[in-house]
Amino acid sequence: MNVKEIKQRFGIIGSSNLLDRSLEIAIQVAPTDLTVLITGESGTGKEAFPQIIHHLSKRKHGPFIAVNCGAIPEGTIDSELFGHEKGSFTGAHDARKGYFEVVNGGTIFLDEVGELPLSTQVRLLRVLETGEFIRVGSSKVIKTDVRVVAATNVNLAQAVANGKFREDLYYRLNTVPIRVPSLRERKEDIHLLFRKFTADFADKYQMPPIRLTDEAVEMINAYRWPGNVRQLRNIAEQVSIIEESREIGPERLRSYLPDDSGTNLPVLLEPSEEQKGMTDREILYKVLFDMKRDVTDLKKLVAVLMKGNQPSEDIHTENAQVINRLYDDNAAVYPVTIRNGKDTHEEDHDRIDAHEDVTEESLSIAQKEEELIRKALEKHNGRRKKAAEELGISERTLYRKIKEYSM
């Protein structure tokens, strides 16, 4: 089968090159028994790929079962997947086969595999490597012949780094990766999908189909669609049912699109090793103290320049990063620029002195912090645990601050 035939058979709509490439990989890997990991955002249609792989494989006449790992409670997930013996736990009145035993000779689709508990991940790894498992409450090894296709919208590599997913299981599942593109990556398919959905709902509810104006089409193409195809389908259904007019302009369409203005912001960086384990308040204090130190270093350099002296090589080296960072962000406060590799002055000495006074006043955080700590200790009669709770910091941090301020 080629990509076009697969789309027709499984009702997949779209002409995106990214989507076609994902389908091509699924077609190529289907005849093998390799484990496949399908990744992509929620709502992209990942659930169609395991069915494609199963129906194009030599196991197509065997059983196929889809298991939502995130919907099964942690206490029963092992029993659901691997079965249990009678009396193995409270409520186990009879022995029960698990999915891996029932689907012997077929394909099992593990959706939201990133939600599996670590203990279950160990059992799954053994099945993938040896085809063996043990029922809960039993000591008998059972063999099974199952092809595993897994899917997740979680970044498993990041989950491995955070200790929430086993690294060996990740590489075992990721034998053949298939990434399903998000809807915003296939903008050419958005209007096509919307028309298909509205036509389906028109037939379902016995009404004329919705038509978008050109401006409304531009709007849905520009929208980010965080919920992907699932969100687009829901909005198409809402518009089809609620709107009396069958022609929808941007004004009416806008009321159905949730505000997603904040999602295009840059992703925050992961905390450094030094910051891990620190509270938000402690991290903020550290950042502010570092800023004060940088500004102090910069002021020393400005003082040297104002005296008409050429900064030494050591000063240049020590403060290079500080200068590069603060010249751009604080040009109005520290009016010194670099031209042709040389430092020059933009304002007179009086203005710099004035700004130095403002800086000293605005950077008195250490004094305020010491004052707050003293007040908290006085309020709780020197009981450090209570004072730390009042301040919202750990006792260890409070001890360090007391020593730092020689209290």
Side-chain angles (χ1 to χ4, degrees), residues 22-23 25-26 29-30 32-57 59 62-84 97-136 142 144-182 227-230:
S22 299
L23 292 172
I25 297 174
V29 75
T32 72
D33 271 339
L34 294 173
T35 304
V36 179
L37 179 62
I38 303 168
T39 60
E41 297 178 9
S42 178
T44 53
K46 296 187 294 294
E47 62 278 357
F49 284 80
Q51 298 182 34
I52 294 172
I53 293 171
H54 176 69
H55 287 290
L56 295 183
S57 72
R59 300 172 180 267
F64 173 86
I65 188 169
V67 182
N68 189 329
C69 301
I72 303 176
E74 183 174 345
T76 60
I77 184 70
D78 286 353
S79 172
E80 293 289 329
L81 293 178
F82 309 107
H84 63 259
K97 292 183 178 180
Y99 296 133
F100 276 97
E101 193 170 352
V102 173
V103 189
N104 186 30
T107 304
I108 186 169
F109 170 41
L110 300 178
D111 197 9
E112 297 187 30
V113 71
E115 304 297 327
L116 284 176
L118 288 172
S119 59
T120 307
Q121 293 177 28
V122 176
R123 289 174 174 264
L124 176 58
L125 179 62
R126 182 178 181 183
V127 175
L128 293 174
E129 291 183 340
T130 66
E132 298 177 347
F133 65 92
I134 300 175
R135 289 183 182 179
V136 176
I142 300 175
T144 187
D145 177 23
V146 175
R147 204 262 183 84
V148 175
V149 179
T152 181
N153 58 8
V154 175
N155 186 334
L156 289 187
Q158 187 62 52
V160 169
N162 294 336
K164 296 181 179 179
F165 202 84
R166 291 182 61 94
E167 184 175 15
D168 46 7
L169 178 58
Y170 168 63
Y171 289 117
R172 191 65 181 80
L173 287 172
N174 201 34
T175 305
V176 178
I178 297 178
R179 179 180 174 274
V180 183
S182 62
N228 293 291
V229 179
R230 184 183 294 123

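We number each residue from 1, following the sequence as shown.
A salt bridge between D33 and R59 is present, with a side-chain N of the basic residue lying under 4.0 Å from a carboxylate O of the acidic one.
To the nearest 0.5 angstrom, T144 atom OG1 is 9.0 Å from I142 atom CD1. Expressed to the nearest 0.5 Å, how far CG of L128 lies from OH of Y171 amounts to 16.0 Å. Expressed to the nearest 0.5 Å, how far CD of E74 lies from CG of L118 amounts to 8.5 Å.
The side-chain heavy atoms of L156 and N174, taken from C-beta on, include no pair separated by under 4.5 Å. Using a 4.5 Å cut-off on side-chain heavy atoms (C-beta onward), T39 and T152 make contact. Put simply, the side chain of Q121 does not reach to within 4.5 Å of the side chain of L124, judged on heavy atoms. Inter-residue side-chain proximity for L125 and R166 is flagged as met; some heavy-atom pair is nearer than 4.5 Å. Residues I38 and P50 meet the side-chain proximity criterion, which asks for heavy atoms closer than 4.5 Å. When side chains are defined from C-beta on, I53 does not count as touching T107, because their heavy atoms never get closer than 4.5 Å. The closest side-chain heavy-atom distance from E80 to V67 is not below 4.5 Å. Contact of the H84 side chain with the T76 side chain is not registered, since no non-hydrogen atoms from C-beta on lie closer than 4.5 Å.
For the residue pair A26 and I52, the shortest heavy atom distance occurs at CB-CG2, 4.5 Å. The heavy-atom pair separating S22 from P181 by the smallest distance is OG-CD, 3.8 Å. In this structure, S42 and N228 approach most closely via the heavy-atom pair O-ND2, 2.9 Å. In terms of heavy atoms, I25 sits closest to P177 at CG2-O, 4.3 Å. Between L37 and A151, the shortest heavy-atom contact is CD1-N, 4.4 Å. Considering every non-hydrogen atom in both A30 and L56, the closest pair reads CB-CB, 3.6 Å.
More than 12 heavy atoms of other residues, nucleotides or ligands shown are found within 6.0 angstrom of CD on E132. Crowding of E129 atom CD: a count of heavy atoms from other residues, nucleotides or ligands under 6.0 Å exceeding 12.
Between the side chain of N68 and the main chain of G70, a donor-acceptor pair closer than 3.5 Å is present. When atom types are taken as modelled, the side chain of T175 and the backbone of R172 share a donor-acceptor pair closer than 3.5 angstrom. Side chain of T120 to main chain of D78: no donor-acceptor pair is present (N/O by atom type, distance under 3.5 Å, no hydrogens or angles). Remark: the backbone N or O of N104 is not paired with any side-chain donor or acceptor of D145 at under 3.5 angstrom. Without hydrogens or angle criteria, R147 side chain to G106 main chain gives no donor-acceptor distance under 3.5 Å. Distance alone, capped at 3.5 Å, is enough to place a donor-acceptor pair between the R123 side chain and the I134 backbone. When atom types are taken as modelled, the side chain of K46 and the backbone of G40 share a donor-acceptor pair closer than 3.5 angstrom. Judged by distance alone, with hydrogens and angles left aside, the side-chain atoms of T44 form a donor-acceptor pair with the main-chain N or O of E41 at under 3.5 Å.
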CA sep, side-chain torsions, deciding dist, call: V127, V146, side-chain contact (heavy atoms from CB on, under 4.5 Å)
CA-CA 9 Å; V127 175; V146 175; 5.7 Å; no

Let's go through L110 and L81 carefully: what are the C-alpha distance in whole Å and the side-chain angles of both, what is the deciding distance for side-chain contact (heavy atoms from CB on, under 4.5 Å) to 0.1 Å, and is it a yes or a no?
CA-CA 10 Å; L110 300 178; L81 293 178; 4.2 Å; yes

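Ring geometry, F133 versus F100: the interplanar angle falls from 30° to 60°, so the pair is classed tilted.
The only option from V36, L23, V149 that meets the side-chain contact (heavy atoms from CB on, under 4.5 Å) definition with F49 turns out to be L23.
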